[in-house]
Colleague: 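Please see the structure below; I have some questions.
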Amino acid sequence: MKRKRRKKNVLPGFGLTMGITTMYLSIIVLIPLSMVFIESSKLGWQGFIEVVTSDRVLHAYKISFLTAFSAALINAVFGLMIAWVLVRYSFPGKRLIDGLIDLPFALPTAVAGIALTTLYAEDGWIGQFFTLLNIKVAFTPLGITVALVFIGLPFVVRIIQPVLENIEKEVEEAASSLGATKKQIFTKVIFPELLPSLLTGFSLAFARGIGEYGSVIFIAGNMPMNTEIAPLMIMTKLEQFDYAGATAIAAVMLVVSFLCLIIINLLQKWSRKHEMQGE
Amino acid sequence: MATDLVKNEGKHIHKPTAVKKETNWTKRVLITVMFLYLSIFLLVPLVYIFVKAFEQGSGVYFAAITNSDALDAIKLTLLVTLITVPLNTVFGIAAAWLITRFQFKGKQLLLSLIELPFAVSPVIAGLVLVLFFGPRGVMGPLFSELGIKILFSTPGIVIATMFVTLPFVARELIPVMQAQGKAEEEAAISLGASGWQMFVRVTLPNIKWGLLYGMILCNARAIGEFGAVSVISGRIRGMTNTMPLHVEILYNEYQFSAAFAVASLMSLLAILTLTIKAWIEWRAEKQQTA
Amino acid sequence: MTIEISNVTKHYGSFEALKDISLNIPKGELVALLGPSGSGKTTLLRMIAGLESIEEGTISFDGSDLTDKHVNQRDVGFVFQHYALFKHMTVFDNIAFGLNVRKKRLRPSKKEIEVKVNELLELVKLSGFAKRYPGQLSGGQRQRVALARALAVEPQMLLLDEPFGALDAKVRKELRSWLRKLHNEINVTSVFVTHDQEEALDVADRIVIMNNGKIEQIGTPSEVYDNPASPFVYDFLGNVNLFHGRLHKGKLNLGYAQFDAPDYLDAMDKNAVGYVRPYQLNIEREKKSVDAIATKVYFIHSIGPKWHIELKREDSDTYVEVELNKAEHAQLDLTVGEVVYVRPKEMKVFIPEDFVI
């Protein structure tokens with residue numbers, strides 16, 4: 001009487017959607033992306049190391065990572081604050097501000113790039129104040145950081161906001177009834193809840209920052225050994241038809257991006273675990 | 001006992017006012033800092049684009065956005081979005097359906113792969129497409145034999161834009177459909193609906209706002225994509241210039257007013273995008289409370 | 001329609017959700033699948049509906065095998081746990097859905113659909129609500145819409161997943177008796193899943209008690225309540241006192257007390273447990289027989305017309321619960337702290353399958 005059967009789905013469309021998803025993803029993303037590793041392997045190990053450790057390339061990595069890291073850090077601090085203000089306080093114009101946060105997602109990066117460059121130039125609207133302090137913003141690593149702060153601004157805010165909204169008022173009231181001060185409630189009750197999301201937002205902003213091109217390219221000035229970023233090095237190599245060289249640099253950046261992706265995934269798992277424990 | 005109670009009560013009456021004063025003070029400081037931060041990084045740049053665009057009068061502005069190069073760029077950008085957004089929408093719905101409605105091995109991996117384009121620098125996206133479709137690439141010789149030009153032409157720009165904007169719709173839909181669960185769809189099927197009837201009558205009405213949201217985000221990014229397109233276009237003026245590339249060229253030729261004029265058009269689109277997004281969220285909120 | 005389930009098995013990964021289940025549901029009966037969460041009752045219901053695939057075994061309706069039939073060919077009406085009403089459709093459109101999606105040649109005319117829906121609205125007592133949306137209804141009303149929607153396609157059987165689970169206590173009771181009456185009226189073979197024993201005892205013609213993917217007992221409400229087939233059923237259906245002891249030649253020994261266990265005349269010195277419901281215990285002031293246990297009154301409280309007495313056994317640290325009616329309680333006039341003897345009127349003895357229990 002016993003029969004073995006294949007599992008069947010009640011809802012339709014498994015084969016169809018599986019087909020569309022994997023085909024589309026493969027053609028548009030995966031197969032082209034695999035070219036990076038095929039192409040850079042043409043250089044051989046020796047050649048590969050030579051390209052990615054040349055002084056100019058190393059400096060470009062350094063600039064990319066440092067500026068992306070600083071921008072992500074700035075955004076983590078202010079993003080947390082902005083999320084707090086938007087969730088906890090009410091004030092006139094809140095809706096408008098809340099909508100404005102997403103501007104960097106909606107505004108073309110090149111547009112942001114030229115606007116920030118002219119604003120932060122020595123005689124620009126904002127740059128002139130920095131000139132008074134003898135600080136140059138545009139065409140320095142500081143300028144790159146400014147552009148990356150703009151690009152990464154929504155990440156932390158948008159990730160923290162829902163988590164903060166979900167923290168029950170009762171938890172804080174409980175802490176308060178047990179005698180905790182406002183500061184203690186924040187550092188011991190709220191902040192630990194937010195930490196996984198904060199780190200996720202930071203990693204997202206960082207990952208976006210090291211790859212960013214459009215907004216940075218105008219404000220960077222692109223001086224070799226000074227304000228050249230890694231994506232620009234790829235562009236430069238390409239313009240010289242040095243495909244293998246460009247690909248080698250790209251391969252290193254991809255590995256870093258994948259690492260970021262893995263870290264982000266682990267962080268999200270961690271924050272989900274938090275939620276489970278919260279229940 | 002009794003005196004203790006009174007004491008405690010006294011304390012409690014006193015405490016809230018102290019707390020209130022403190023929060024009022026922190027509140028004001030925090031709001032002020034936020035306004036300053038957002039002004040320097042978001043508000044001033046946005047306003048500045050329009051100021052710059054009209055710096056030399058509306059004559060220069062309209063000339064900049066109606067000359068033939070600008071019009072060609074606008075047309076190409078529209079064409080690219082008209083192809084990209086629908087294709088990515090179909091992909092997004094399929095992927096979200098697959099991931100939220102079925103159990104299968106490798107689901108987590110598939111999810112990560114869908115998000116992959118977000119983690120890849122647009123310049124690298126452009127690069128890999130050059131490698132893939134270029135004369136030395138895998139597909140290059142095949143296409144050139146067929147007489148189809150991909151690099152430095154419209155198809156290349158379309159594919160590059162598809163690469164970069166691929167996750168948007170799927171990423172908006174997956175949480176929406178996950179939250180909705182599959183009970184309504186199972187109910188429809190158990191009542192005799194066909195797959196298509198279920199999709200049109202039950203699924204689509206339930207996800208329409210999330211879908212619209214994903215589509216406008218996809219649209220915004222498709223219009224504004226710069227890095228990937230810049231690698232693949234070859235920048236032949238009037239032929240393969242999208243609006244962002246046109247802005248770059250004008251800017252590098254020191255035609256600042258013209259550059260900002262075209263930029264202001266895209267900024268208007270960005271503001272429109274944000275407005276629609278806010279409207280969708282406002283609607284959803286209202287529905288929830290109703 | 002008769003439902004015949006034979007040797008059905010289901011795994012989720014390495015977890016065995018259903019283990020070789022066989023069950024017959026006669027035509028026109030209202031059957032409850034009762035069990036704790038994770039017992040497999042919902043899985044079984046969804047398999048009958050065709051919402052879950054069957055790995056091994058068969059399910060047939062009126063003798064025809066439906067194991068491989070898709071849900072929309074099975075002629076079942078399924079009421080989902082959280083109703084799964086279509087949020088964007090009115091009550092009317094929800095109920096008409098199953099008729100509207102029929103192929104053109106099978107679809108009733110607009111007029112017929114309207115008549116049918118109005119009939120159903122009347123049946124579920126929601127006549128004025130056709131134009132409302134699910135969001136504007138109370139939980140009980142939504143439940144009734146879900147039921148009407150399932151009935152609209154004139155199913156051969158009705159399957160309900162935790163039909164009253166999401167409702168508050170009072171509405172739940174009302175709906176319960178209403179469902180019972182409705183079932184008598186339309187007389188469709190119905191199966192519902194519940195974890196609430198009171199609900200099952202109250203409504204069902206027959207109860208299937210499930211635990212860990214297996215059926216523990218099948219029977220009428222009075223059969224399963226008065227004659228539990230296993231320790232699990234005893235425990236799950238109401239409160240029970242446990243008396244751990246040694247079983248030897250038809251007698252259960254614990255300390256100074258000894259009880260008859262006529263089912264186990266051959267047992268040789270085994271660990272065993274006697275099960276006694278609180279109302280099956282007498283309280284006596286003096287030890288009159290060998291089957292009385294000395295206890296000290298610990299706590300006395302009343303629940304409506306009943307009195308609950310908690311007593312601590314003198315020979316161990318365990319507590320015994322006794323239920324008395326008003327008259328018994330008045331006659332005994334117990335005070336907290338006094339020593340009395342409890343004596344079972346009936347006891348059922350089980351030998352634990354392992355010694356963990």
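Every chain is numbered from 1, with letters handed out A, B, ... down the list of sequences.
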Colleague: Report yes if some heavy atom in the side chain of B:Tyr251 is under 4.5 Å from a heavy atom in the side chain of A:Thr117; otherwise report no.
Modeller: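 Yes. Closest side-chain heavy atoms under 4.5 Å.
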Colleague: So A:Thr21 and B:Ile99, do their side chains get closer than 4.5 Å, heavy atoms only?
Modeller: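 Counting from C-beta outward, B:Ile99 and A:Thr21 never come under 4.5 Å.
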Colleague: To check you understand the geometry: which heavy-atom pair defines the closest contact between B:Lys27 and A:Ser90, and what is its length?
Modeller: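 Shortest heavy-atom separation between B:Lys27 and A:Ser90 comes out as NZ-O, 3.5 Å.
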Colleague: Do you know which of B:Leu110, B:Val123, B:Leu38, B:Leu98 has the most heavy-atom pairs with chain A at a distance under 4.5 angstrom?
Modeller: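 Ranked by heavy-atom pairs under 4.5 Å with chain A, first place is B:Leu98.
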Colleague: How would you list, by chain and number, every residue that makes a ring-ring contact (aromatic ring centres under 6.0 Å, His included) with B:Phe168, sequence neighbours excluded?
Modeller: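 Here the qualifying residues are B:Phe118.
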Colleague: Measuring heavy-atom distances to chain A, does B:Met243 have an atom under 4.5 Å in its side chain, in its backbone, in both, or in neither?
Modeller: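 Neither part, no heavy atoms under 4.5 Å.
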Colleague: Name the region of B:Leu131, side chain, backbone, both or neither, that has any atom closer than 4.5 Å to a heavy atom of chain A.
Modeller: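 When you check distances to chain A, atoms from both the backbone and side chain of B:Leu131 fall under 4.5 Å.
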Colleague: Given the rule in the salt bridge (Lys or Arg N to Asp or Glu O under 4.0 Å) test, do B:Glu281 and A:Arg158 qualify, once you have shown the distances and angles that lead to the verdict?
Modeller: CA-CA 14 Å; B:Glu281 276 168 2; A:Arg158 287 301 182 229; 5.8 Å; no
Colleague: Restricting to non-hydrogen atoms, name the atom on A:Ile28 and the atom on B:Leu129 that form the minimum distance, rounded to 0.1 Å.
Modeller: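 Shortest heavy-atom contact: O-CD2, 4.4 Å.
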Colleague: Quick one: which of B:Leu217, B:Val33, B:Thr273 has the most heavy-atom pairs under 4.5 Å with chain A, could you say?
Modeller: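 The residue among B:Leu217, B:Val33, B:Thr273 with the greatest pair count is B:Val33.
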Colleague: Tell me, for B:Ile49 versus chain A, whether the close heavy atoms (under 4.5 Å) come from the side chain, the backbone, both or neither.
Modeller: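 For B:Ile49, the contact with chain A is made by the side chain alone.
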Colleague: Given that the side chain runs from C-beta out, which part of B:Phe199 has a heavy atom under 4.5 Å from chain A: side chain, backbone, both or neither?
Modeller: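 Answer is neither: B:Phe199 stays 4.5 Å or more from chain A.
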Colleague: What part of B:Leu30 gets closer than 4.5 Å to chain A, counting heavy atoms only: side chain, backbone, both or neither?
Modeller: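 Both backbone and side chain of B:Leu30 come within 4.5 Å of chain A.
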Colleague: Can you tell if the side chain of B:Val231 reaches within under 4.5 Å of the side chain of A:Tyr213, non-hydrogen atoms only?
Modeller: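 No, too far: nothing below the 4.5 Å cut-off.
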Colleague: Given a strict heavy-atom distance threshold of 4.5 Å, which part of B:Phe163 is in contact with chain A: side chain, backbone, both, or neither?
Modeller: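 Its backbone and side chain both get close to chain A.
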Colleague: Where on B:Ile114 is there a heavy atom nearer than 4.5 Å to chain A: the side chain, the backbone, both, or neither?
Modeller: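 Both backbone and side chain.
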Colleague: Does the side chain of B:Trp97 come within less than 4.5 Å of A:Leu16's, by heavy atoms?
Modeller: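 The answer is no; the side chains never approach within 4.5 Å.
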Colleague: Using non-hydrogen atoms and a 4.5 Å limit, figure out which bit of B:Ile189 sits close to chain A: side chain, backbone, both or neither.
Modeller: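 Only the side chain of B:Ile189 comes within 4.5 Å of chain A.
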Colleague: With only heavy atoms counted, which part of B:Pro45 is less than 4.5 Å from chain A, the side chain, the backbone, both or neither?
Modeller: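 For B:Pro45, the contact with chain A is made by backbone and side chain together.
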Colleague: Report all side-chain donor-acceptor pairs from residues 103-115 of chain A shorter than 3.5 Å, counting only partners two or more places apart or in another chain.
Modeller:
none

Colleague: With a 4.5 angstrom heavy-atom cut-off, which part of B:Leu87 approaches chain A: side chain, backbone, both or neither?
Modeller: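 The answer is both parts of B:Leu87.
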Colleague: Is it the side chain or the backbone of B:Leu272 that comes within 4.5 Å of chain A heavy atoms, both, or neither?
Modeller: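 No part of B:Leu272 comes within 4.5 Å of chain A.
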Colleague: Against chain A, label B:Val51 side chain, backbone, both or neither, depending on which of its atoms sit under 4.5 Å from a heavy atom there.
Modeller: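 B:Val51 touches chain A through side-chain heavy atoms alone.
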Colleague: Is it the backbone or the side chain of B:Val130 that comes under 4.5 Å from a heavy atom of chain A, or both, or neither?
Modeller: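 Contact with chain A: side chain only.
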Colleague: If you tally heavy-atom pairs under 4.5 Å against chain A, which of B:Leu113, B:Leu269, B:Thr275, B:Val90 wins?
Modeller: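 Heavy-atom pairs under 4.5 Å are most numerous for B:Leu113.
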Colleague: With heavy-atom distances below 4.5 Å as the criterion, would you say the side chains of B:Ile40 and A:Val146 are in contact?
Modeller: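 They are not in contact (no side-chain heavy atoms under 4.5 Å apart), so the answer is no.
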Colleague: If we only count heavy atoms from C-beta on, is the B:Met198 to A:Leu11 side-chain gap below 4.5 Å?
Modeller: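 In contact.
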Colleague: Which bit of B:Asn219 comes within less than 4.5 Å of chain A, counting heavy atoms only: side chain, backbone, both or neither?
Modeller: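 Neither part.
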Colleague: A:Phe78 and ring pair (Phe, Tyr, Trp, His ring centres under 6.0 Å): which partner among B:Tyr37, B:Phe35, B:Phe41?
Modeller: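 In the set B:Tyr37, B:Phe35, B:Phe41, the residue that makes a ring pair (Phe, Tyr, Trp, His ring centres under 6.0 Å) with A:Phe78 is B:Tyr37.
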Colleague: Chain A: which of B:Ile216, B:Val262, B:Leu166 shares the most heavy-atom pairs with it under 4.5 Å?
Modeller: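 Max contact count across the listed options: B:Leu166.
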